[in-house]
2 protein chains.
Amino acid sequence: MNKRRSQKERSAETSAKLMSSTIDLLHDQGITRTTTSDIARHAGVSRGALTHHFASREAVIGASVAEMLSKTARDLHRFAEDFMARGGSSDEIVDYIWQMMDDRLFYVTMEFLPEARHNDDFRADLIPTVREFHAGLDAIWTALAARAGAEPNHTRTVMNATMCLVRGMISQTVLRPDDPVYYASLLQFWKGQVRQHFPIEPAEPASAGSAARIR
Amino acid sequence: MNKRRSQKERSAETSAKLMSSTIDLLHDQGITRTTTSDIARHAGVSRGALTHHFASREAVIGASVAEMLSKTARDLHRFAEDFMARGGSSDEIVDYIWQMMDDRLFYVTMEFLPEARHNDDFRADLIPTVREFHAGLDAIWTALAARAGAEPNHTRTVMNATMCLVRGMISQTVLRPDDPVYYASLLQFWKGQVRQHFPIEPAEPASAGSAARIR
DNA sequence: CGATAAAAACAGCCTTGCTTGTTTGCAAGA
DNA sequence: TCTTGCAAACAAGCAAGGCTGTTTTTATCG
């Protein structure tokens with residue numbers, strides 16, 4: 001509508017479109033099949049615009065991934081605050097994490113992880129953002145630990161195990177597709193395990209219908 | 001030594017060298033950086049030899065991965081037999097699985113998983129071999145269940161959780177490197193959890209020094 | 001305020017290097 | 001000799017990065 005936009009606005013908007021497109025394509029067609037032309041086309045700009053904003057293909061991908069992780073970290077902090085305020089259950093946390101990871105986050109991660117493993121610069125640029133992401137996770141589990149009066153160190157172990165389990169589950173969906181029951185039951189099992197470590201409110205079994213929504 | 005080899009021998013040997021080189025390169029430099037020239041050079045043959053044995057790049061990689069999984073499945077069955085014969089502990093199984101996955105298996109898997117996700121033919125060719133691999137796993141845990149008198153279904157759940165956990169742990173090593181203590185303690189935690197489900201021999205705590213060898 | 005210069009955002013082409021699959025040539029074993 | 005295993009040159013496509021030209025916004029000056 002507003003025809004005249006400042007340069008900063010134009011620039012930020014184009015960058016954002018490019019980064020969001022990059023994540024879309026990483027998820028939909030994989031990192032190897034995603035060319036800079038694809039990214040520009042999907043964002044509705046020229047390849048020239050892309051090279052104007054990002055020095056190289058590696059740079060677009062790196063920036064896009066960092067952006068995605070930052071955004072997710074912010075979401076985590078918001079959830080932690082909310083969780084702390086109303087006092088949720090550990091089951092809820094497991095569900096939230098599964099949904100977050102299954103909602104593209106870890107599928108996109110699986111795309112760039114090999115690149116990170118073999119490209120030292122790429123990996124080094126990423127690590128700070130990953131730490132930021134983990135701080136978001138910490139916030140959630142710290143909230144739970146405070147509520148259940150659990151030891152922080154042990155809480156962190158359970159948190160890390162949960163993250164690893166979910167990562168592994170999503171990896172498996174690639175070569176074991178179309179089996180929602182399998183993943184739901186694994187998640188159910190895991191919630192039981194976690195509950196052991198945070199023995200809070202028995203919670204009326206009537207409303208136990210918060211089963212995991214899978215895929 | 002033996003100068004004269006039959007054609008079959010020559011052929012099989014060259015194929016084996018090519019497949020083994022492919023796995024080496026997938027692990028060392030990643031799937032995207034691995035060209036057919038690289039594979040041939042590493043195997044000490046010409047690119048012509050490679051194309052003689054495999055129709056395409058995709059074919060070499062697919063065959064190499066299938067070969068790797070088959071071999072690992074055979075190892076699993078051997079371990080299961082041995083385990084059954086002498087009656088080992090659940091800790092031992094967790095250690096064995098970690099070592100197996102950390103010894104290149106899952107690093108290589110991380111390389112081809114994205115390809116499998118986006119290439120239907122590649123994935124379809126792989127799935128039978130993956131099932132074969134899982135049969136090997138089943139053999140081990142069935143042995144344990146029989147020994148501990150546990151319910152097979154529940155055993156399978158613990159097994160699947162273990163596999164997912166280890167997959168996730170190895171994924172994490174990429175962006176959280178050089179922290180063996182972290183991975184060792186997670187594994188330690190998990191062994192405790194698994195032990196709960198298979199309450200067998202308390203085992204003299206004197207020889208509890210079978211801690212995980214990490215990386 | 002209006003014109004104009006400068007800078008930034010953007011478009012599109014072009015070249016180069018790399019990789020893959022194909023084809024041709026040759027030697028070793030059946 | 002005839003097939004099979006391998007070597008090496010060949011052909012073609014593609015994608016990334018670099019380069020040049022155009023439009024839009026911002027700054028400067030009369």
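Just so it is clear: chains get the letters A, B, ... in the order the sequence lines come, proteins before strands, and each one is counted from 1. Side-chain atoms are counted along with the backbone in the values below, which use heavy atoms only and exclude waters and symmetry mates.
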Next on the checklist: Let's go through B/D28 and B/Y107 carefully: what are the C-alpha distance in whole Å and the side-chain angles of both, what is the deciding distance for side chain to side chain contact (heavy atoms under 4.5 Å, CB included) to 0.1 Å, and is it a yes or a no?
Outcome noted: CA-CA 9 Å; B/D28 294 346; B/Y107 291 100; over 6 Å; no

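- Per the geometry, CZ belonging to A/F54 stands 11 Å off P belonging to C/dC10, to the nearest Å.
- Between A/H53 atom NE2 and C/dA8 atom P there is a gap of 13 Å when expressed in whole angstrom units.
- Straight-line distance from the CG atom of B/L50 to the P atom of D/dA8: 14 Å, rounded to whole Å.
- Shown here are the side chain to side chain donor-acceptor pair (under 3.5 Å) partners of B/D24, two or more places apart in sequence or in another chain: B/R104.
- Rounded to whole angstrom, the span from the CD atom of A/E13 across to the P atom of D/dT24 amounts to 15 Å.
- Partners of B/T129 under the side chain to side chain donor-acceptor pair (under 3.5 Å) rule, at least two apart in sequence or in another chain, do not exist in this structure.
- Using a 4.0 Å cut-off, some side-chain N or O of B/H52 falls inside it from OP1 or OP2 of D/dG5.
- Within residues 55-66 of chain A, the residues approached by DNA chain D to less than 4.0 Å at the level of any non-hydrogen atom are A/S56, A/R57, in residue-number order.
- Note that CZ of A/R167 is 16.0 Å distant from CD of A/Q172, once rounded to the nearest 0.5 Å.
- Under the rule for a salt bridge (Lys or Arg N to Asp or Glu O under 4.0 Å), the partners of A/D75 that lie at least two apart in sequence or sit in another chain are A/K71, A/R78.
- Near DNA chain C, meaning a heavy atom under 4.0 Å away, there are no residues from residues 111-121 of chain A.
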Next on the checklist: Between A/Y183 and A/D102, is the side-chain hydrogen bond (donor to acceptor under 3.5 Å, both in side chains) condition met? List the steps.
Outcome noted: CA-CA 11 Å; A/Y183 298 102; A/D102 189 54; over 6 Å; no

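- For the pair A/S11 and C/dA9, the criterion of a side-chain N or O lying under 4.0 Å from OP1 or OP2 is met.
- By the salt bridge (Lys or Arg N to Asp or Glu O under 4.0 Å) test, B/E115 pairs with A/R33, sequence neighbours left out.
- The separation between A/R47 atom CZ and C/dA11 atom P is 13 Å, rounded to whole Å.
- Remark: A/R57 CZ to A/T22 OG1 distance equals 9.5 Å, nearest 0.5 Å.
- Under the salt bridge (Lys or Arg N to Asp or Glu O under 4.0 Å) criterion, B/R47 pairs with no residue at all, not counting sequence neighbours.
- For B/H197, the ring pair (Phe, Tyr, Trp, His ring centres under 6.0 Å) partners at least two apart in sequence or on another chain are A/F189, B/H154.
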Next on the checklist: Show me the dot-bracket string of DNA chain D, counting Watson-Crick or G-U pairs under 3.5 Å, with | for pairs to another strand and [ ] for crossing ones.
Outcome noted: ||||||||||||||||||||||||||||||

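- Computed from coordinates, the A/K8 NZ to C/dA9 P distance equals 11 Å when rounded to whole Å.
- The separation between A/E9 atom CD and C/dA9 atom P is 13 Å, rounded to whole Å.
- A side chain to side chain contact (heavy atoms under 4.5 Å, CB included) with B/T14 is found for exactly one of B/M19, B/H53, B/H52, namely B/H53.
- With a 6.0 Å cutoff to the six-membered ring centre and a 45° limit on the axis angle, A/R176 counts as a cation-pi contact of A/Y182.
- For residues 21-43 of chain A, proximity to DNA chain D is found at A/T35, A/T36, defined as any non-hydrogen atom under 4.0 angstrom from a strand atom.
- Sorted by first then second residue, the ring pair (Phe, Tyr, Trp, His ring centres under 6.0 Å) pairs that include residues 8-28 of chain A, not counting sequence neighbours, number zero.
- In this structure, the side chain to side chain donor-acceptor pair (under 3.5 Å) partners of B/T162, at least two apart in sequence or on a different chain, are B/W190.
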